[in-house]
Amino acid sequence: MPELAEVEFFRKRWSAGHGATVLAVRLHAGKKVFRGTSPTLLKRKLTGATLLDSETAAKQMLFRFSGSGLPRAESRWLGIHLGMSGELRVEPPDYAATKHDHLILVQQQRQLVFNDPRMFGGVLFHTGKTPPAWWTRIAPAILSKEFTVEAVAVFLRRRARAPIKAVLLMQERFPGIGNWMADEILWRAAIHPQRLAGSLKPAEVRTLHRECRRVCRLALGTIAGKGRYLPPNLNAHIPKTWLFWHRWEDGGRCPRTKRLLVREEVGGRTTCWSPVRQKR
DNA sequence: CCAATTGTTATTTA
DNA sequence: ATAAATAACAATTG
């Protein structure tokens with residue numbers, strides 16, 4: 001499920017546990033979400049640690065914990081990727097874990113739950129004074145200064161023969177963009193998803209860049225919430241003027257042209273577009 | 001039984 | 001050799 005803003009939404013849920021100690025760690029060792037990680041080490045190092053703060057980058061979250069005991073102890077860094085079906089929840093102290101709750105951090109007042117039925121998500125763990133490489137090597141955010149028109153143009157030239165839809169899903173240049181955001185961006189930019197990346201004119205590249213930023217900003221504002229306010233459920237505040245609400249319904253119509261939307265596979269993913277608005 | 005799913009990676013093909 | 005297409009992963013739902 002989760003793309004950029006949705007990931008931020010879930011991270012904020014767990015911020016309920018900032019400043020609180022982890023009394024116990026419950027996990028499903030051996031499950032696929034722990035590939036590349038030692039569940040034993042994670043459990044040992046996080047038990048007794050305090051959750052200090054957290055951040056989001058692309059589709060990943062990083063939670064920082066103090067070391068227990070020694071004041072100069074190294075930090076503990078927990079990375080979570082939600083994959084296709086993952087979510088974070090906050091449950092009461094007496095909550096009983098269910099089948100797909102692969103990692104639970106038990107605190108005095110609550111349990112922080114990572115649930116992921118399909119297990120395309122994953123958990124990473126690191127101990128050290130600075131954030132690990134798997135975190136710092138994430139590409140610069142779309143809303144950062146480094147995400148320039150020129151950087152987009154260079155990338156599109158290198159991926160010239162791939163459909164633009166597929167290129168927007170490449171995390172090394174468009175971190176956090178997933179299937180529905182890519183469609184939303186192309187729909188707003190009025191670019192056909194099957195256009196080859198190298199065929200975009202300079203003006204179209206500028207538009208694409210601008211709509212990438214706009215969709216990220218709007219999605220973060222409506223899904224992840226502003227300031228301290230967290231919407232009760234995901235997507236609750238997305239306006240009906242977005243492609244988002246119409247892309248999956250049969251007979252769905254473009255919110256702008258009111259004409260029927262098209263749904264087809266592009267770049268290996270189901271893609272929705274408005275044929276009147278987005279010409280080949 | 002078949003097809004579908006908002007993600008990533010390994011493998012195969014061009 | 002490089003990049004694009006495809007398969008695979010796992011679980012559930014319609």
Side-chain angles (χ1 to χ4, degrees), chain A residues 1-11 28 30-37 56-61 79-88 98-103 114-124 134-135 137-139 142 154-188 193-199 212 215-216 218-220 222-224 231 233-238 242-250 252 261-273:
Chain A
M1 181 200 299
E3 305 176 23
L4 186 82
E6 293 144 330
V7 175
E8 174 66 358
F9 172 86
F10 287 123
R11 182 194 66 81
H28 293 161
K31 285 296 186 180
K32 198 186 161 184
V33 291
F34 290 107
R35 60 195 180 278
T37 306
T56 305
K59 294 172 187 170
Q60 312 207 57
M61 296 166 288
I80 297 182
H81 192 300
L82 296 170
M84 199 103 118
S85 57
E87 65 169 359
L88 300 188
T98 62
K99 190 176 176 186
H100 304 299
D101 294 339
H102 302 302
L103 175 66
F114 167 47
N115 178 284
D116 183 10
R118 290 173 68 181
M119 294 187 287
F120 289 179
V123 174
L124 293 170
W134 47 256
W135 182 259
R137 70 168 168 244
I138 295 172
I142 288 174
V154 168
F155 192 74
L156 263 50
R157 243 175 275 139
R158 231 166 31 91
R159 303 292 181 168
R161 298 194 51 76
I164 187 62
K165 164 64 185 276
V167 174
L168 278 178
L169 293 174
M170 294 176 180
Q171 300 298 297
E172 72 248 48
R173 182 40 73 195
F174 302 98
I177 300 300
N179 206 28
W180 79 254
M181 287 183 84
D183 284 357
E184 191 79 34
I185 290 163
L186 291 172
W187 173 70
R188 284 163 187 262
Q194 286 175 325
R195 292 272 306 281
L196 297 188
S199 78
C212 281
V215 168
C216 285
L218 292 174
L220 284 167
T222 56
I223 296 172
N233 39 353
L234 204 67
N235 306 332
H237 301 295
I238 294 184
W242 291 31
L243 179 65
F244 183 89
W245 288 113
H246 313 279
R247 51 173 290 126
W248 295 122
E249 60 187 12
D250 281 332
L261 294 165
V262 173
R263 221 158 50 218
E264 250 176 66
E265 193 158 293
V266 179
R269 307 298 304 278
T270 302
T271 300
C272 177
W273 71 92

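Order of the sequence lines sets the chain letters (A, B, ...), proteins ahead of strands, with each chain counted from 1.
The aromatic rings of A:H102 and A:H28 sit perpendicular to each other, their planes meeting at more than 60°, with 30° as the lower class boundary.
If you check C:dA3, C:dA5, C:dC9 against the side chain of A:K32, the one that comes closest is C:dC9. The nucleotide whose nearest atom lies closest to any side-chain atom of A:K99 is, among C:dT12, B:dG7, C:dA5, C:dT12. Picking from C:dA11, B:dG7, C:dA4 the nucleotide with the shortest atom distance to the side chain of A:E3 gives B:dG7. Distances from the side chain of A:T270 to the nucleotides C:dA10, B:dT8, B:dA4 place B:dA4 closest. Residue A:W248 has its side chain nearest to B:dT5 when only B:dG7, B:dT5, C:dA5 are considered.
Taking 3.5 Å as the limit, the base of C:dT12 and the side chain of A:R118 contain no donor-acceptor pair of atoms between them.
OP1 or OP2 of B:dG7 has at least one side-chain nitrogen or oxygen of A:R269 nearer than 4.0 Å. Phosphate proximity of C:dA11 to A:H100: absent, as no side-chain N or O sits under 4.0 Å from OP1 or OP2. Phosphate proximity of C:dA4 to A:R159: present, with a side-chain N or O under 4.0 Å from OP1 or OP2. An OP1 or OP2 oxygen of B:dG7 is reached within less than 4.0 angstrom by no side-chain nitrogen or oxygen of A:Q171.
Here the side chains of A:L218 and A:I223 are not in contact, with every heavy-atom distance at 4.5 Å or above. By the 4.5 Å heavy-atom criterion applied to side chains, A:F174 and A:V167 are counted as neighbours.
Minimum heavy-atom separation, A:S85 to A:P117: O-CD, 3.4 Å.
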Does A:T270 form a side-chain hydrogen bond (donor to acceptor under 3.5 Å, both in side chains) with A:E265? I'd like the steps, not just the answer. CA-CA 4 Å; A:T270 302; A:E265 193 158 293; 4.9 Å; no
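If you measure from atom CD of A:E265 to atom C1' of C:dA4, you get 14 Å, rounded to the nearest angstrom. Distance A:F174 CZ to B:dT8 C1': 18 Å, rounded to the nearest Å. To the nearest angstrom, C1' of C:dA3 lies 17 Å from CZ of A:R157. When rounded to the nearest whole Å, the span between CD of A:E264 and C1' of B:dA3 equals 17 Å. Protein atom CE of A:M181 is 10 Å distant from nucleotide atom P of B:dG7, rounded to whole Å. Regarding A:K31, its NZ atom lies at a distance of 10 Å from the P atom of C:dA10, rounded to whole Å. Between the P atom of C:dT12 and the CG atom of A:D116 lies a distance of 11 Å, rounded to the nearest Å. In this structure, CZ of A:F155 is placed 14 Å from C1' of C:dT2, rounded to the nearest angstrom.
Stacking between A:F120 and B:dT8 is absent: the aromatic ring centre is not both under 5.5 angstrom from the base six-membered ring centre and within 30 degrees in plane angle.
Rounded to whole Å, the separation between the P atoms of C:dA1 and B:dT9 comes to 23 Å.
Within 4.0 Å (heavy atoms only), A:G178 reaches sugar-phosphate atoms of the nucleic acid but no base atom. Note on A:R161: only backbone sugar-phosphate atoms sit closer than 4.0 angstrom, heavy atoms only; bases stay farther off.
Under a 4.0 Å N-O distance rule, the pair A:E184/A:R188 qualifies as a salt bridge.
Base pairing of C:dG14 is made with B:dC2, judged by Watson-Crick or G-U wobble geometry with both donor-acceptor distances under 3.5 Å.
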